[in-house]
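Values reported hereafter were calculated over all heavy atoms of this structure, with side chains retained and with hydrogens, waters and symmetry mates removed. Small disclaimer: the values here were computed from a predicted structure and weren't measured. Numbering of residues begins at 1 and proceeds along the displayed sequence.
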Amino acid sequence: MSGFFDKLAERQMQKALAEGKLSRLEGEGKPLPEHPEEAFVSAGEAVGYRMMAEHGALPEEVELRRAVEAAKAAYAEAVTEDAKRRAMALIAELEMKLAIATEARKAFMR
């Protein structure tokens with residue numbers, strides 16, 4: 001079903017481009033800002049998260065995702081088996097907390 005919406009959105013963007021509605025917009029010709037945390041959430045949630053971030057309040061899920069990525073980087077840089085074991089334990093703990101936070105948000109949104 002999402003393929004239908006993808007095609008519909010693409011048609012609307014092409015139509016707006018052909019009509020010149022996408023010309024002279026702020027930031028034209030510049031790359032889009034990167035928001036990697038938005039890859040894991042719906043577009044509506046991403047907008048809400050962005051608004052909260054602009055005002056200095058990030059949801060626990062976003063902070064936990066960043067912590068997981070940092071822990072994975074630490075694991076990749078670990079040299080000894082003990083350091084790798086500690087990093088893996090931290091990753092598991094953070095991923096568990098992230099799953100709990102995600103499920104709590106989903107339950108709250110129902």
Which atom pair, heavy atoms only, marks the closest approach of Met51 to His55?
O-CD2, 3.0 Å
Carboxylate-amine/guanidinium contact Glu61 Arg65, below 4.0 Å
yes
N/O donor-acceptor pairs under 3.5 Å from side chains in residues 77-95, not counting sequence neighbours:
| unit_1 | atom_1 | unit_2 | atom_2 | d |
| --- | --- | --- | --- | --- |
| Thr80 | OG1 | Ala83 | N | 3.1 |
| Glu93 | OE2 | Lys97 | NZ | 3.3 |

What I'd like to find out is whether the side chain of Arg11 reaches to under 4.5 Å of the side chain of Lys15, using heavy atoms alone.
no
Side-chain heavy atoms of Met13 within contact of Leu17, under 4.5 Å
no
